[in-house]
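The structure under discussion appears below in the form of structure tokens.
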Amino acid sequence: MTPVIQIADIANYDGQTVTIRGWLYNSTHKGKLIFLQIRDGTGIVQCVLFQREAPPEIFEAALNLTQESSLTVTGLARADERAPGIPGKFEIGVKDLHVIQLAEPYPIQPKEHGIEFLMDHRHLWVRSSRQWAILRVRATIIKTIRDWLDAHGYLLVDTPIISPAAGEETTTLFGIDYFGAQAYLAQTGQLYNEANIAAFGKVYCFGPTFRAEKSKTRRHLSEFWMCEPEMAFFTLEDLMAMEEAFISYIIQTTLQERREELEMIGRDVTRLQNVTPPFPRISYDDALDLLKQRREETDDPEQKALLEMTWGTDFGSPHETAIAESFDKPVFVYHYPSAAKAFYMTPVEGRPEVCRSVDLLAPEGYGEITGGSERIFDVELLEQRVAEIGLPREAYAWYLDLRRFGGVPHAGFGLGLERMVAWVCGLSHIREAVPYPRTLTRLYP
RNA sequence: UCCUCAGUAGCUCAAUAGGCAGAGCAACCGGCUGUUAACCGGUGGGUUCUAGGUUCAAGUCCUAGCUGAGGAGCCA
């Protein structure tokens, strides 16, 4: 019996006869010589057949293989500088080949395709090497997020996906029928996190969230994954210190562990390499001055109009990009206007028109990747805020309770996973950062 | 929701000023012993998004709609 190996491990089997199981990624033949590129999920290896050496029925079978046919191949693993693949530099001299299923003509060719066509075939597209690499980077980012939090005393506490009340406004919620009652798909786990910190101190939730925003941009999905840490006794300053250590670890560890994949994607990682603490911090007011300066510098009238901004509103994406471009690292922007932010954010003492909130803006136009704040823990102030924006008090009764039974200062934030993946991989659109994207116009496959 | 652009072969695209609907790739057949999205020769492949209109004549012009892309707003 020859060992069944993974292509990723082929270097350990130089000179040995091995079996691989997988799919035909591409093939080419030159008369009496056939090259098969076979993938098995861990990598791609070139398999070679010479007509003179191979049994006729094996050679014939190899010649008739179609792209993405499934098969097993047994042969001699050997080093060869010319062999392409992942990891490459090794190939298999085929001795035996068994076709499991001869694939029908495969729609995705190794060439350019339009995005609509590719998205219609997303269930097949995930096999392509670029998509394969991106999704492997995604898995590593998820792992590094959890590793760092678990190692620093944060407890994973899951929050519900079906929820009775809105975190924010109901226009951006997906409503569902819950045995006759109105329920919503969660757009945040934060309120539950705030309950959980009183039990566990530092917690996080990590899962899919849902927003019914009619957003049609390169930065939005209807279903996206969010990691939300929440910490008792944390101030805004603690939050920024924690975030910069956390984000830096995610970036640096992923660069290390997925070097090959990032190279395949063609990512220039020089801008990622200097993502290390400390990150620059500027206030909303200073950011506004910076934008004003930027607007004066540019000669492009269109850009001038886009950068127009008045105090009190949140940044649009041209603003975020302009601010982030002024720094060579991610930048914290803190003390946003209270009116532009969520009801539970703590007002700054002596200046209640701004709140103790902070967003982290990524460079290269990737925009806001985290958003967080100190939460209001004074029950009277929170009740007042709930009333002010007209939220149903009953739905928030349990949330208000948290301030009656040992309320403490606390803070937390949300990290958008797909934006993180898009940033690390240098993607032009967030839809490639998730296996099966849900967007305004796509629910299939 | 608004602005801009697009929809032609399985895929990516072309088609002069309104005048016979084409190429490359893929598929199929043949050739080639080191290919890297191979190369060379051959074959088949069309409801030009839909509905109406103008015209001797519409892929091309007009009207309405559908679908998609890019951007804005909103947000992670």
Side-chain angles (χ1 to χ4, degrees), chain A residues 25-37 44 46-54 59 63-64 66-67 80-86 88-89 91 93 103-121 128-130 167-169 171-172 187-190 208-228 302 305-306 308 313-321 340-342 359-362 365-372 413-423 428-431 433-434 439-442:
Chain A
Y25 190 61
N26 203 359
S27 70
T28 177
H29 54 92
K30 199 170 161 57
K32 292 165 183 153
L33 170 63
I34 304 176
F35 296 102
L36 305 174
Q37 285 187 43
I44 299 176
Q46 171 165 280
C47 301
V48 188
L49 291 93
F50 292 101
Q51 189 168 37
R52 207 177 55 200
E53 297 166 6
F59 192 84
L63 208 56
N64 291 330
T66 50
Q67 192 187 351
D80 190 313
E81 277 299 311
R82 294 167 296 184
I86 307 162
K89 313 272 191 213
E91 64 180 22
E104 293 175 24
Y106 191 67
I108 300 179
Q109 301 164 33
K111 55 170 268 194
E112 295 290 318
H113 292 285
I115 192 63
E116 185 185 10
F117 176 80
L118 289 169
M119 276 301 171
D120 283 342
H121 294 87
S128 300
S129 57
R130 180 182 161 86
E168 284 141 46
E169 288 148 66
T171 50
T172 60
Q187 59 174 205
T188 171
Q190 184 209 312
T209 52
F210 308 87
R211 306 237 171 135
E213 290 155 7
K214 303 248 182 192
S215 302
K216 193 171 124 46
T217 80
R218 66 179 66 194
R219 297 209 273 239
H220 287 84
L221 294 166
S222 302
E223 177 182 300
F224 68 98
W225 281 59
M226 189 155 64
C227 175
E228 295 175 274
E302 195 179 340
L306 280 172
E308 198 69 42
T313 59
D314 206 345
F315 301 118
S317 84
H319 308 118
E320 283 181 359
T321 303
K341 289 289 180 183
D359 286 357
L360 182 65
L361 307 183
Y366 286 97
E368 184 185 343
I369 54 163
T370 77
F413 68 97
L415 166 70
L417 176 65
E418 285 78 9
R419 285 190 182 175
M420 194 75 192
V421 174
W423 174 31
S428 58
H429 200 297
I430 199 171
R431 65 188 156 216
V434 58
T439 64
L440 189 56
T441 56
R442 183 166 293 278

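First the proteins, then the strands, lettered A, B, ... as listed; each starts at 1. Bear in mind that the values here come from a model prediction, so they are computed numbers and not experimental data.
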Please state the [atom1] separation for the pair [N] and [M] - nearest whole angstrom.
N: B:U8; M: B:C13; atom1: P; answer: 9 Å
N: B:U55; M: B:A14; atom1: P; answer: 31 Å
N: B:A37; M: B:C56; atom1: C1'; answer: 48 Å
N: B:G45; M: B:U63; atom1: C1'; answer: 34 Å
N: B:C11; M: B:A64; atom1: C1'; answer: 31 Å

With a 3.5 Å cut-off and heavy atoms only, can you find an N or O donor on one side and an acceptor on the other between the side chain of [X] and the base of [N]?
X: A:H220; N: B:C75; value: yes
X: A:R419; N: B:C75; value: yes
X: A:S215; N: B:C75; value: no
X: A:Q46; N: B:U35; value: yes

Which is more 5' along RNA chain B, the nucleotide nearest A:E91 or the one nearest A:G414? Just name the residue.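 Mapping each residue to its closest nucleotide by heavy atoms, the 5'-most match is A:E91.
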Heavy-atom nearest nucleotide on RNA chain B taken for A:W225 and for A:P110; more 5' hit belongs to A:P110
Does the side chain of A:H113 come within less than 4.5 Å of A:K111's, by heavy atoms?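 The answer is yes; the side chains approach within 4.5 Å.
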Does the side chain of A:T188 come within less than 4.5 Å of A:T209's, by heavy atoms? no
Send over the distance from [X] [atom1] to [N] [atom2], rounded to a whole Å.
X: A:K30; N: B:G31; atom1: NZ; atom2: P; value: 15 Å
X: A:L440; N: B:U67; atom1: CG; atom2: C1'; value: 13 Å
X: A:L221; N: B:C74; atom1: CG; atom2: C1'; value: 15 Å

Look at [X] and [N] and indicate whether a side-chain polar atom (N or O) is within less than 4.0 Å of OP1 or OP2.
X: A:T209; N: B:C75; value: no
X: A:R130; N: B:A37; value: no
X: A:N26; N: B:U35; value: no

Testing B:U12, B:A72, B:C32 for proximity to the side chain of A:H29, the answer is B:C32
Can you spot which of A:H220, A:E213, A:R219 makes a side chain to side chain donor-acceptor pair (under 3.5 Å) with A:T217?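 The passing option is A:H220.
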Filtered N/O pairs between nucleotides 22-24 of chain B and protein, under 3.5 Å:
unit_1, atom_1, unit_2, atom_2, d
B:G24, N2, A:K111, NZ, 2.7

May A:F35 be described as stacking on the base of B:G34, applying a 5.5 Å centroid limit and a 30° limit on plane angle?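 The ring of A:F35 is not stacked on B:G34.
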In Å, rounded to the nearest 0.5 Å, how long is the span from CG of A:D359 to OG1 of A:T370?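 These two atoms lie 6.5 Å from each other.
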Determine yes or no for a side-chain-to-main-chain donor-acceptor pair under 3.5 angstrom, with A:H29 supplying the side chain and A:L36 the backbone.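 Pair absent, no side-chain N/O of A:H29 close to backbone of A:L36.
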Donor-acceptor under 3.5 Å (A:H429 side chain, A:A422 main chain): no
Taken in chain and number order and not counting sequence neighbours, the residues that satisfy ring pair (Phe, Tyr, Trp, His ring centres under 6.0 Å) with A:F315 are A:Y284, A:Y336
For A:E418 versus A:W225, what's the shortest heavy-atom pair and its separation?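 Looks like OE1-N, 3.0 Å.
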